[in-house]
Amino acid sequence: MIARSLKSNILINLVVLLSIGTILLAVVAVITHHRDVLRSEISKINLILTALDESVFRAPQPDGTASGTWAVSSLFAQAKIDCTVAVDRFAKPLLDQGTAGNLKQELRACVQSALKSGRQELCFYGQTWGIFWLQDHHLMVANPHFEGGVVDGAVGAATNLEDVYQAERRSQKIFLIYGVINVAILAAIGVYRITKLYLDPLQRLAGRAEDYREEDTGMIFAVRKGDNELHQLSKSLNLMLERIAADKQKLRATVTSLEKANADLQKAQQEIIRAEKLASVGRLSAGIAHEIGNPIGIVMGYLDLLKQEDGDIDESEKRDYIRRTGEEICRINTIIRQLLDLSRPSTEGATAIHVHDVITDVSDVVRFEPKVANIDIRLNLEASNDCVTADPNQLRQVFLNLILNAVDAIASKSSNGGGRLRIRSTVANRKSAVTDSLNAVDQQVLEIAVIDNGVGITPENIADIFDPFFTTKEPGKGTGLGLSVSFMILESLGGKISAASKVGEGTAMRVTLPLNEPTRQPASINN
């Protein structure tokens, strides 16, 4: 199909170019013929003017009129001279014959010009339809008469060119027939030569291109050496295909390598998140170990009492001991279950969850930490919508890191009480990255602020707190990955985290998450 279209376009353009060339050639030929005919007319009039000059200036009458002009009158009629004018050196009329009117006035002016200039003057008058456009209607020729080397008068004649144009229009048919025959012959020869030299080889190249398959090898574009420049073109196309095939192999290898590197990177990222999660849970579990030991001791005491066979414990007291033992065991189970929830790997994936529930669960676990005993933790979760799309385990890790950092900052400032930790939630609007034709679209987001009155962060350190392995804690008390992992998790959810702090006054960490449509209206939590 490509070859046929190319062939048709080339043939059409060839015929058009040949037609234009032939038409231009015909026009040039007609114009050249017209000039030759015009020169012939001028020569004819010059002969007549020579005879008129001899008649007028060689034998003048006593009264000043020309003699013997009748001898050339028949010649004027045969040459179709419309009018003649002759003047002496004083511009006095010696001869004035033919049609009166504007043509005679123009001829007189032309004769006067030849008398003054002393050379032949060619003048034209009027317009009529010539060959291809409007052309001059009358030709006027004026010659000066010399006597003793001095201009002694002038003579002129005017003739109608209509007969010339009629003869030339009749010859146009010949030029037209010639042009048609010329176009047909040249088009046939050109089509044949171009077809053999270019179109057939191009058609073969196009056919091979349409049938080309990636698994093909060898010379894909093969033409005969006699196909001149197309042979070089086929070699260049084959080299291009070889380079493309080689580049495809390199591209496949690069894509495979990038896919493997991406998989390794994701695996390493999950390992980092997992390691930081275990580190956070380890810090938390070390602090609440005694919280598990206390209920275990109580349970062991009640069991010892229940084992006494000779005691004075009645049945009601035994039932009370059993009830209290069950409560302490439930307390231990709750602590262990919450720690397991925080430490287990993330397998749920992103789902619609309520952030208030996650924050409440995390804060309940942290309350068992001994350092939290003197800290006033209050949750002001007043956002009207807290539904986001996220992995609940990853989101728990983010808020666990933020709360533990706040607890450490408060504990570093004072161990005598007075510590405050506030967690607030609000719904706000922000400009979305997706915009319409006029304005940016407002997007609702959930903002959670974790505010403490701890030691704060110095201005020179606050810009680095989200960098991996950056920490201001003593060795062994922090990995430096908590905030960087939190930043990475929130960024993957389309959220943000930022920090504001004053040394000695505390720190405010603000988390922003894009909201979903609410599935339920969460109750306001204030405690």
Side-chain angles (χ1 to χ4, degrees), residues 1-14 17 190-276 345-351 389-391 394 432-437 440-441 443 466-469 481 484-485 487-496 514:
M1 183 180 294
I2 297 174
R4 288 196 297 270
S5 177
L6 178 63
K7 184 174 181 178
S8 300
N9 290 333
I10 292 178
L11 293 180
I12 291 173
N13 291 332
L14 175 63
L17 290 176
V191 166
Y192 175 78
R193 294 296 298 168
I194 290 179
T195 300
K196 291 298 182 182
L197 293 178
Y198 295 102
L199 297 184
D200 286 347
L202 284 175
Q203 188 171 4
R204 291 196 297 271
L205 289 176
R208 294 301 302 271
E210 291 175 354
D211 298 335
Y212 172 71
R213 299 294 181 269
E214 189 173 352
E215 60 272 10
D216 292 344
T217 57
M219 294 290 290
I220 305 301
F221 299 104
V223 295
R224 298 185 298 268
K225 290 186 178 180
D227 290 336
N228 50 61
E229 293 85 358
L230 294 178
H231 179 69
Q232 183 63 35
L233 173 62
S234 66
K235 292 174 59 178
S236 301
L237 291 175
N238 286 312
L239 291 175
M240 180 187 70
L241 288 178
E242 291 176 1
R243 289 195 296 268
I244 290 175
D247 291 341
K248 281 184 177 180
Q249 294 295 332
K250 293 180 181 179
L251 182 60
R252 290 192 186 99
T254 303
V255 170
T256 303
S257 176
L258 289 175
E259 288 176 348
K260 185 178 182 301
N262 186 51
D264 294 340
L265 182 61
Q266 290 181 351
K267 183 178 179 181
Q269 181 178 344
Q270 294 299 325
E271 291 296 332
I272 291 174
I273 295 176
R274 171 71 173 162
E276 173 58 21
S346 176
T347 58
E348 298 182 18
T351 183
T389 299
D391 186 324
Q394 289 187 350
S432 172
V434 180
T435 59
D436 58 16
S437 58
V441 178
Q443 181 186 35
F466 297 110
D467 294 341
F469 303 107
L481 289 173
S484 64
V485 169
F487 181 88
M488 182 170 53
I489 292 173
L490 292 171
E491 190 176 52
S492 67
L493 299 176
K496 294 181 180 180

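Just so we're clear, the structure is a prediction, and the values are computed from it rather than from any experiment. Just so you know, residue 1 is the first one in the sequence shown, and it goes up from there.
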Using 0.5 Å steps for rounding, measure from the CG atom of Leu251 to the CD1 atom of Ile244.
12.0 Å
Which atoms form the tightest heavy-atom contact between Leu490 and Lys496, and what is the distance?
CD1-O, 4.0 Å
Is any side-chain heavy atom of Thr256 closer than 4.5 Å to one of Lys260?
no
Quick one: closest heavy-atom pair of Pro514 and Leu493, and the distance?
CG-O, 3.5 Å
Between the CZ atom in Arg243 and the NZ atom in Lys250, the distance rounded to the nearest 0.5 Å is 11.5 Å
